[in-house]
Amino acid sequence: YGCPLSGKSTFVKDRAGIHDLIVDIDSIYACISNNPLYTKSNRLYDNVRAVQDALLDSIKYKRGKWINAFIISGMPYAGERERFCIEYGAEPIFIECDQDTALSRLGAVQDGRDINEWSGYINKWFMKYQG
């Protein structure tokens with residue numbers, strides 16, 4: 001878990017194997033639409049959440065033959081993280097990144113993200129974060 005642009009997806013990409021399950025809402029949006037990564041249609045939100053919930057249920061009930069599961073999420077609230085880890089048997093891994101670094105990374109990416117929208121996500125995450 002961590003703020004937007006902290007490196008959560010990179011962390012998982014560097015560690016996940018061929019038989020590992022990855023739950024990432026950004027990737028789910030891209031998977032079920034004709035949109036590029038990080039372009040999210042609000043009209044697809046319910047469908048994206050349904051796919052995410054199905055994958056999370058697979059983790060919770062240990063369905064499938066995957067080896068490790070990685071759940072990529074911001075989770076700024078301490079209580080939410082604790083409940084989530086208990087429910088899914090997860091180990092929380094914090095990908096540390098300060099606000100200035102995240103905003104700097106945002107300015108450097110060229111992956112189609114809306115800078116104003118994502119600046120808002122970053123700032124909002126830091127306002128909510130409970131260590």
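Values below: all heavy atoms of this structure, side chains included; hydrogens, waters and symmetry mates excluded.
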key: Euclidean distance, Ile122 CD1 relative to Leu103 CG, rounded to 0.5 Å   = 4.5 Å

query = Is it the case that one hydrophobic cluster holds both Phe84 and Tyr129, taking links as side-chain heavy atoms less than 4.5 Å apart, direct or via other members?
reply = yes

Would you tabulate the side-chain donor-acceptor contacts of residues 21-33 under 3.5 Å, counting partners in other chains and residues two or more places apart, or write 'none'?
from, atom 1, to, atom 2, distance (Å)
Asp24, OD1, Asp26, N, 3.4
Asp24, OD2, Ser27, OG, 2.8
Asp26, OD1, Lys40, NZ, 2.7
Ser33, OG, Tyr29, O, 2.8
Ser33, OG, Asn35, N, 3.1
Ser33, OG, Asn35, ND2, 3.4

query = To the nearest 0.5 Å, what is the distance between CZ (Phe94) and OG (Ser6)?
reply = 7.5 Å

Please tabulate, for side-chain N and O atoms in residues 59-68, each donor-acceptor pair with protein atoms closer than 3.5 Å (sequence neighbours left out).
from, atom 1, to, atom 2, distance (Å)
Lys60, NZ, Glu87, OE2, 2.9
Trp66, NE1, Arg63, O, 2.7
Asn68, ND2, Asp20, OD1, 3.4

request  = Work out which heavy atom in Asp100 is nearest to a heavy atom in Asp98; give both atom names and the distance.
outcome  = N-OD1, 3.1 Å

key: Step-by-step ring pair (Phe, Tyr, Trp, His ring centres under 6.0 Å) determination, Tyr121 to Trp125   = CA-CA 6 Å; Tyr121 295 153; Trp125 188 90; over 10 Å; no

query = Partners of Ser119 by side chain to side chain donor-acceptor pair (under 3.5 Å), sequence neighbours excluded?
reply = none

query = Would you find more than 12 non-hydrogen atoms of other residues, nucleotides or ligands less than 6.0 Å from Glu96 atom CD?
reply = no

inquiry  = Just checking Gln99: does its CD atom have more than 12 heavy atoms from other residues, nucleotides or ligands closer to it than 6.0 angstrom?
reply    = yes

inquiry  = A quick test of your reading: do over 12 heavy atoms of other residues, nucleotides or ligands sit less than 6.0 Å from OH of Tyr45?
reply    = no

key: Cluster overlap Ile115 with Leu37, hydrophobic side-chain contacts below 4.5 Å   = yes

query = Would you call the rings of Trp118 and Tyr38 parallel, tilted or perpendicular if under 30° counts as parallel and over 60° as perpendicular?
reply = perpendicular

note = To the nearest 0.5 Å, atom CD1 of Ile86 lies from atom CZ of Arg81 at 12.5 Å

ask   = Any chain of hydrophobic side-chain contacts (each under 4.5 Å) joining Tyr88 to Phe70?
value = no

query = Side chain of Lys8, backbone of Ile72: donor and acceptor closer than 3.5 Å?
reply = no

message = If hydrophobic clusters are built from ILVMFWY residues whose side chains come within less than 4.5 Å, do Leu5 and Val12 share one?
response = no

request  = Look up atom OG1 in Thr39 and atom CG in Leu44, then write down how far apart they are to the nearest 0.5 Å.
outcome  = 11.5 Å

message = Tell me the closest heavy-atom pair linking Cys97 and Arg105, and the distance in Å.
response = SG-NH1, 3.7 Å

key: Value rounded to 0.5 Å, distance of CD in Glu82 from CD in Glu80   = 12.0 Å

inquiry  = Counting only heavy atoms from other residues, nucleotides and ligands, does the tally under 6.0 Å from CG of Asp111 exceed 12?
reply    = yes

query = Given the rule in the side-chain contact (heavy atoms from CB on, under 4.5 Å) test, do Thr10 and Asp14 qualify, once you have shown the distances and angles that lead to the verdict?
reply = CA-CA 6 Å; Thr10 301; Asp14 291 346; 3.7 Å; yes

